[in-house]
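Keep in mind that what you see is a predicted model, and the values were worked out from it rather than measured.
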There are 4 protein chains.
Amino acid sequence: MASLNSGAAAQVLKNLGANSDWLEATYQQFHAHPELSFQEHASGDVIAAALSTYGFSVQRLGGTGVVGVLVNGDGAVVMSRADMDALPVSEATGLPYASTVPGVMHACGHDVHMTALLGAAKLMAETQGSWSGSFIVVFQPAEEVGGGARALVDDGLTHKVPRPDVVLGQHVMPLPAGMLATAAGPVLSAADSLRITVHGKGSHGSMPHMSVDPVVLAASIVMKLQTIVSRETKPGEFAVVTVGALNAGSTANIIPDRATLLVNIRSYNDTVRTRVLAAIERIVEGECAAAGSPQPADIELYDQFPLTNNDAAATERISEAFAVHFGSEAVTVATPQTASEDFSVLPNAFGAPYSYWFLGGSDPELFVAAQDNDGATPAVPANHSPLFAPVMNPTLSLGVQAHVVAALSYLDGRMPSRSN
Amino acid sequence: MASLNSGAAAQVLKNLGANSDWLEATYQQFHAHPELSFQEHASGDVIAAALSTYGFSVQRLGGTGVVGVLVNGDGAVVMSRADMDALPVSEATGLPYASTVPGVMHACGHDVHMTALLGAAKLMAETQGSWSGSFIVVFQPAEEVGGGARALVDDGLTHKVPRPDVVLGQHVMPLPAGMLATAAGPVLSAADSLRITVHGKGSHGSMPHMSVDPVVLAASIVMKLQTIVSRETKPGEFAVVTVGALNAGSTANIIPDRATLLVNIRSYNDTVRTRVLAAIERIVEGECAAAGSPQPADIELYDQFPLTNNDAAATERISEAFAVHFGSEAVTVATPQTASEDFSVLPNAFGAPYSYWFLGGSDPELFVAAQDNDGATPAVPANHSPLFAPVMNPTLSLGVQAHVVAALSYLDGRMPSRSN
Amino acid sequence: MASLNSGAAAQVLKNLGANSDWLEATYQQFHAHPELSFQEHASGDVIAAALSTYGFSVQRLGGTGVVGVLVNGDGAVVMSRADMDALPVSEATGLPYASTVPGVMHACGHDVHMTALLGAAKLMAETQGSWSGSFIVVFQPAEEVGGGARALVDDGLTHKVPRPDVVLGQHVMPLPAGMLATAAGPVLSAADSLRITVHGKGSHGSMPHMSVDPVVLAASIVMKLQTIVSRETKPGEFAVVTVGALNAGSTANIIPDRATLLVNIRSYNDTVRTRVLAAIERIVEGECAAAGSPQPADIELYDQFPLTNNDAAATERISEAFAVHFGSEAVTVATPQTASEDFSVLPNAFGAPYSYWFLGGSDPELFVAAQDNDGATPAVPANHSPLFAPVMNPTLSLGVQAHVVAALSYLDGRMPSRSN
Amino acid sequence: MASLNSGAAAQVLKNLGANSDWLEATYQQFHAHPELSFQEHASGDVIAAALSTYGFSVQRLGGTGVVGVLVNGDGAVVMSRADMDALPVSEATGLPYASTVPGVMHACGHDVHMTALLGAAKLMAETQGSWSGSFIVVFQPAEEVGGGARALVDDGLTHKVPRPDVVLGQHVMPLPAGMLATAAGPVLSAADSLRITVHGKGSHGSMPHMSVDPVVLAASIVMKLQTIVSRETKPGEFAVVTVGALNAGSTANIIPDRATLLVNIRSYNDTVRTRVLAAIERIVEGECAAAGSPQPADIELYDQFPLTNNDAAATERISEAFAVHFGSEAVTVATPQTASEDFSVLPNAFGAPYSYWFLGGSDPELFVAAQDNDGATPAVPANHSPLFAPVMNPTLSLGVQAHVVAALSYLDGRMPSRSN
């Protein structure tokens with residue numbers, strides 16, 4: 001089967017080299033014109049026009065999202081996804097193709113994702129004689145704020161395209177360019193955000209006895225929340241409880257009447273997630289009672305990223321195809337990341353298996369230098385840094401190849417009638 | 001001596017009744033047109049024009065302040081002060097003469113103070129045959145933000161008027177209208193505000209190990225600051241440490257790189273004040289060290305109100321004059337207040353003794369009703385409340401009389417040429 | 001009236017000088033043979049025998065207590081009290097008459113109290129022609145642990161002696177010997193002790209997730225208890241919340257299943273006391289809820305000292321008598337102390353007014369030297385110090401005189417039949 | 001090679017069945033007569049006598065330890081270790097062979113370990129024709145308190161026996177009897193204990209301002225220590241910081257002058273361990289500074305267990321031998337435990353590789369019932385429980401077999417001259 005796959009991949013990718021200028025130009029265009037979440041209008045227009053040219057049937061979904069479907073005979077249905085949005089970061093790379101939008105930057109590599117998937121779509125469309133099945137490409141808005149995949153589903157994605165047999169995605173990371181990393185099981189954490197408002201009783205700053213001080217209440221909650229990870233979580237089990245924001249009052253001599261905490265939690269399984277959420281609620285209630293708070297805290301769960309939990313069979317199939325194509329030394333086992341993604345909202349909406357891998361983007365020489373350090377402070381600029389700058393070569397090429405090889409590990413295997 | 005004093009007071013005040021309409025109109029005008037700190041332009045214009053008419057030599061100092069000097073023969077020099085600024089409070093009294101300026105209100109009674117001192121100036125000027133000496137009236141801007149008295153001094157007050165033998169001030173309070181309260185020694189606390197910025201190291205919310213979390217650091221500081229009053233201050237000694245504001249971060253999933261605390265302290269003597277300030281610094285430094293903060297905290301002392309510490313001899317003299325004039329049942333011993341004033345900046349600049357008293361402004365019937373409660377929640381709207389509304393009668397009249405009687409307790413006693 | 005009083009006092013005290021050797025010997029005997037609370041057997045025997053000799057009718061009450069009644073005609077009934085117990089302190093004074101009992105010392109001056117009251121009883125008994133009324137002396141056990149006065153009452157004191165018109169007591173303090181201090185109103189705080197046991201769930205130290213950690217729970221309670229004084233008590237109002245002991249666990253690698261806190265509170269009025277106790281309960285309950293404690297905390301109020309709140313009329317009468325007898329320069333106004341006494345249990349049991357004063361016991365020269373310091377660290381050894389050593393002269397003499405003069409301020413004033 | 005191994009194992013174990021009564025009797029004797037750490041005199045005597053009988057050369061080392069060496073021709077040197085000490089636990093099993101020593105119990109299964117290794121020694125000695133090499137058995141005292149392995153090394157172990165090629169150990173656990181579990185890499189955590197004494201300044205409970213309160217200081221340290229795991233440790237990385245004991249003061253109304261914390265930490269690698277220890281020191285120092293502590297804290301590292309980190313090659317070799325002998329369904333992958341052992345002190349002293357496995361001891365039916373629960377509260381009594389009671393059959397037999405099979409995976413494989 002590997003030989004079948006390799007053969008198809010070779011066919012599909014035979015013009016990759018000829019497209020390398022196109023790939024770099026496309027990438028630089030995306031990078032120079034970043035768009036914030038749900039504002040990916042220009043990017044979407046570029047992508048939709050290109051896909052139409054390639055022969056995909058194109059739909060605009062979820063506001064700025066673009067979905068292209070290429071039905072090419074019988075066989076498996078593969079859905080591949082790229083995210084599109086940039087971040088509110090001021091670029092500091094000094095690159096010639098740096099962001100032209102002040103305060104906005106493709107600092108998380110979604111420009112790489114769009115370019116690679118568009119390149120894969122182009123090559124797949126140009127070589128339809130080499131494979132059979134359906135190839136669906138999804139360009140998703142607003143991954144950074146967690147609502148883009150949901151927006152596609154809410155806009156009817158599951159009714160508007162064929163049900164995929166597998167859903168695929170990739171993310172550029174501070175691995176050496178030329179490397180891929182993947183693993184079965186959980187690779188990205190689930191995330192939830194909570195807005196907690198605790199109520200005190202305001203007073204003049206000189207009259208604390210007339211107040212219920214919400215600043216002290218909030219401080220005590222912050223200290224007590226630490227115990228969820230330190231005491232209530234099994235040692236070695238993944239759980240994060242971060243109070244990312246605590247805001248109360250605006251002047252020294254007035255005791256305010258409330259404090260607001262924004263809390264972010266991360267987990268790798270539902271048991272932990274449920275337990276952490278219950279512990280937060282229990283602690284907030286107990287602390288409010290201890291403080292004599294005059295009314296219950298408002299606790300709002302306002303933002304959620306699901307767990308990214310790679311299907312074992314799909315991931316094994318794809319890993320083997322990667323090893324055959326790239327050589328086993330180029331494919332490593334991914335360690336679970338603390339970060340989160342909304343990618344899995346898409347396969348979960350279809351009830352489809354999925355696999356998500358990491359694409360190396362760092363200059364390998366820089367990466368070696370960084371590894372010589374203690375590992376605590378990476379010298380390679382990581383995602384979200386104003387200095388984040390994947391090297392174009394071979395990152396873009398590998399991104400295209402990875403999409404093609406992974407898709408063909410499904411599409412190719414279902415072509416019983418072809419002779420090879 | 002009391003008879004001398006009484007005689008002069010009776011002379012000066014003989015036309016007070018005839019001025020009652022003028023008093024109410026003046027008060028209503030000030031109340032309807034409140035001006036924020038250092039913006040008391042219209043109020044200052046009204047006052048300066050009136051004082052000129054009465055015969056005072058008038059100077060505009062400290063931006064919007066007004067100083068009037070009336071030299072009337074030999075004798076003592078008395079300086080009487082009123083503050084002028086309103087508060088950023090939306091009036092909710094429903095009074096016919098309520099504030100016409102949205103979001104601004106004379107919620108602390110400085111309109112009473114201006115009216116009463118202007119009335120006293122008018123009567124004193126009209127009866128110069130009845131007393132001898134110099135009467136200086138100071139209408140001070142910006143008491144609420146603590147900089148107004150300092151602005152007058154910085155603008156040369158001490159060089160531009162005669163050195164006073166005593167400086168006098170009053171404040172309307174939720175005492176029954178018709179009552180005065182005064183006491184020797186400390187009557188208002190000293191206040192200091194600090195802006196404390198502690199530094200952490202920002203990170204993604206899912207990577208606390210890459211951060212130094214300033215939210216936890218700030219919370220720990222808040223908890224530890226409580227011990228300054230609870231453990232380090234002698235039981236029964238007055239000290240307040242309020243964290244009026246704590247602000248860090250703006251989103252759940254980013255660990256910010258700093259947190260800012262606005263801290264307000266109150267004290268009744270320098271030993272306590274010095275000790276509290278040192279303890280805050282010690283705690284902040286220690287907590288930053290415990291947290292592994294990458295750089296020292298920034299601690300800025302940005303606002304200061306001095307202690308208001310009534311001179312014993314001056315206060316005894318004035319209290320006796322009050323008791324003779326108003327009857328001893330109308331004069332009570334003031335209990336030290338938790339609040340603060342910048343009044344004493346003026347006498348301290350001259351090295352002069354001073355006395356400051358409280359003027360009842362609450363409807364006596366409401367006040368009795370409030371006293372029937374447990375005392376913890378006063379039914380009488382207090383200063384800074386959107387419902388604060390001193391009754392005009394007899395508050396304005398008493399405010400004028402108190403200024404006149406207090407001033408004459410000095411001016412009259414130094415009239416060697418009069419026969420008795 | 002002062003002259004009557006002075007006359008009687010002079011009569012009663014005329015043999016004081018002749019008794020000075022007796023006083024010193026009695027004191028040294030008590031000092032050398034200290035007895036712990038409720039074990040004052042030998043002291044009680046000495047006192048009971050002496051009182052019988054003087055003509056008092058003697059009862060042993062409350063275990064080791066001694067009550068003597070001397071009815072001497074019509075007139076007021078005065079009860080004077082001394083406490084008897086020593087402390088578990090190892091004496092370090094090096095005095096020739098130092099404690100002969102290892103680890104036990106009269107480090108709080110109760111030996112002075114016994115000697116002075118016994119001396120007063122002796123002189124009063126020897127001069128019964130000079131006064132009229134009833135003189136009751138109460139030698140109370142176990143003041144240090146707070147149960148001695150209660151033991152007398154529980155043993156029927158109020159049914160076994162005439163109801164006093166006033167109850168009197170004194171305490172030697174680090175004032176210069178030769179001085180007395182007294183004040184109307186509260187002079188010693190009320191004290192309550194609480195034993196709080198919070199329940200967790202024990203576990204191996206490596207398995208915090210299987211535990212509810214009572215050490216963290218107790219620590220959080222300690223931090224939160226600070227807010228009762230720092231935030232819930234009016235600035236300047238006396239309140240103390242001390243966690244004197246916190247004990248949990250005995251080995252590093254076992255998470256214990258409970259923690260015990262011993263908490264001591266001090267207050268100067270019932271409103272504060274009630275509020276503080278309620279706040280402790282609220283905080284403990286809230287913190288237990290926040291921690292997920294499996295069962296409610298046990299809170300036991302196990303030790304209580306009432307407020308010592310001097311009757312205004314009684315204290316004025318006694319102060320005046322002191323001023324006449326000792327000179328007004330020897331009598332100062334007492335500042336309220338943070339410490340507590342169970343003295344007032346006795347007058348409260350009778351519903352009688354009471355007055356309690358402080359007797360100087362420090363070498364005046366040492367005291368002056370100490371005052372030169374910053375006041376924070378008294379160079380004069382204070383009560384409970386292993387170095388506490390009141391100077392015998394004039395402390396003992398003044399202690400006798402104070403009891404006589406104070407008693408006669410009541411007894412003398414009610415002798416209508418005497419001619420003066 | 002597996003066949004060689006299997007053949008030798010079959011030979012060595014052929015009389016295992018015939019020894020089953022002896023095994024049970026030996027086990028019951030150890031169980032009924034438990035001895036605390038470093039007091040394993042009777043156990044050591046029994047073992048030493050038996051080993052001598054079997055032909056081992058026997059040494060008593062480390063106080064109560066017993067080391068037996070059996071040199072049987074050329075080949076590998078295998079050292080197998082069992083620990084000997086019981087716990088201060090009152091047995092509650094009700095077994096007929098329950099502990100006869102009040103308050104002492106073999107609650108951790110070291111009786112199983114001794115019996116199984118003694119059985120293996122007996123069988124190996126009786127079948128010397130079937131294998132070649134050297135077999136060293138180490139019966140180690142005092143594992144529970146962490147000093148026993150060190151005591152053997154300090155007593156010269158490395159100079160008194162041949163250097164082993166591998167060191168082997170096992171521990172009975174709440175797995176179903178009949179099962180074994182092993183894994184390469186870390187299987188038991190490193191543990192360190194610290195005794196931290198923080199210094200305050202004592203005072204009367206009513207005078208907190210004269211004190212530096214060590215109770216509040218210790219409480220603040222406990223709260224801050226939580227952040228080491230919650231904020232400073234990478235999510236999902238194993239680290240435990242437990243304050244197992246906090247003791248300060250003994251009475252409510254005295255502020256003590258010190259507090260003592262006993263802290264236990266667990267880690268799975270040296271980087272984490274070093275970082276945690278440094279963080280504890282940093283936090284304690286910072287908190288002492290924040291509190292104004294008058295002298296540095298005393299921090300004593302008083303107890304240490306090394307990481308148990310199985311050699312990959314040795315563990316693979318042994319696992320394969322187990323799978324061949326017991327069937328692969330009986331051998332599972334061990335999950336790293338939170339607990340610790342001092343076993344690895346022995347191989348580390350020699351610089352030898354080692355492997356340590358877990359032996360199932362629970363009644364399989366009970367175990368299934370327990371698994372039906374939520375997993376949080378095991379129904380099977382775990383090690384250190386007063387109800388801990390491994391089933392004798394097949395636990396003892398498997399314990400013997402595991403030692404024989406593991407040893408022979410080395411001894412047999414190095415017999416090039418033998419024909420099979």
Counting only heavy atoms closer than 4.5 Å, note whether [X] contacts chain B via side chain, backbone, both or neither.
X	result
A:Q226	side chain
A:T251	backbone
A:V216	both

Next on the checklist: Using 30° and 60° as the class boundaries, would you call the ring planes of B:F343 and B:Y356 parallel, tilted or perpendicular?
Outcome noted: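 If you compare the ring of B:F343 with that of B:Y356, the planes turn out tilted.
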Checklist entry - Any Lys/Arg nitrogen of B:D342 or B:R150 sitting under 4.0 Å from an Asp/Glu carboxylate oxygen of the other? => result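 Between B:R150 and B:D342 there is no salt bridge, as every charged N stays at least 4.0 Å from the carboxylate O atoms.
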Item to check | B:D83: salt bridge (charged side-chain N to carboxylate O under 4.0 Å, His left out) partners, not counting sequence neighbours | outcome: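 Here the qualifying residues are B:R81.
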Checklist entry - Among all residues two or more places apart in sequence or in another chain, which pass the salt bridge (charged side-chain N to carboxylate O under 4.0 Å, His left out) test with B:E232? => result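 Salt bridge (charged side-chain N to carboxylate O under 4.0 Å, His left out) list for B:E232, sorted by chain: B:R282.
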Inter-residue atom distance [X].[atom1] - [Y].[atom2], 0.5 Å rounding:
X	Y	atom1	atom2	answer
A:E285	A:I280	CD	CD1	12.5 Å
B:S293	B:K201	OG	NZ	12.0 Å
B:D192	B:R273	CG	CZ	4.0 Å

Checklist entry - Considering only heavy atoms, which portion of B:S250 lies under 4.5 Å from any heavy atom of chain A: side chain, backbone, both, or neither? => result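 Looking at B:S250, just its backbone touches chain A.
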Item to check | Pairs of heavy atoms under 4.5 Å with chain A: top-ranked of B:G205, B:P214, B:S340 | outcome: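 Ranked by contacts with chain A, first place is B:G205.
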Next on the checklist: Between B:T227 and B:K224 (side chain of the first, backbone of the second, donor and acceptor by atom type, cut-off under 3.5 Å), is there such a pair?
Outcome noted: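 Side chain of B:T227 to backbone of B:K224: a pair is present.
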Item to check | Residue-level interface, residues 239-247 of chain B with chain A, non-hydrogen cut-off under 4.5 Å | outcome: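 Heavy-atom contacts from residues 239-247 of chain B to chain A are B:V240, B:T242, B:V243, B:G244, B:A245, B:L246, B:N247.
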Item to check | Contact list for residues 241-255 of chain B, test salt bridge (charged side-chain N to carboxylate O under 4.0 Å, His left out), sequence neighbours left out | outcome: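 Not a single pair qualifies under salt bridge (charged side-chain N to carboxylate O under 4.0 Å, His left out).
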Checklist entry - With respect to chain B, which residue among A:M207, A:M223, A:H204 yields the maximal number of heavy-atom pairs within a distance under 4.5 Å? => result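 Option with the greatest count: A:M223.
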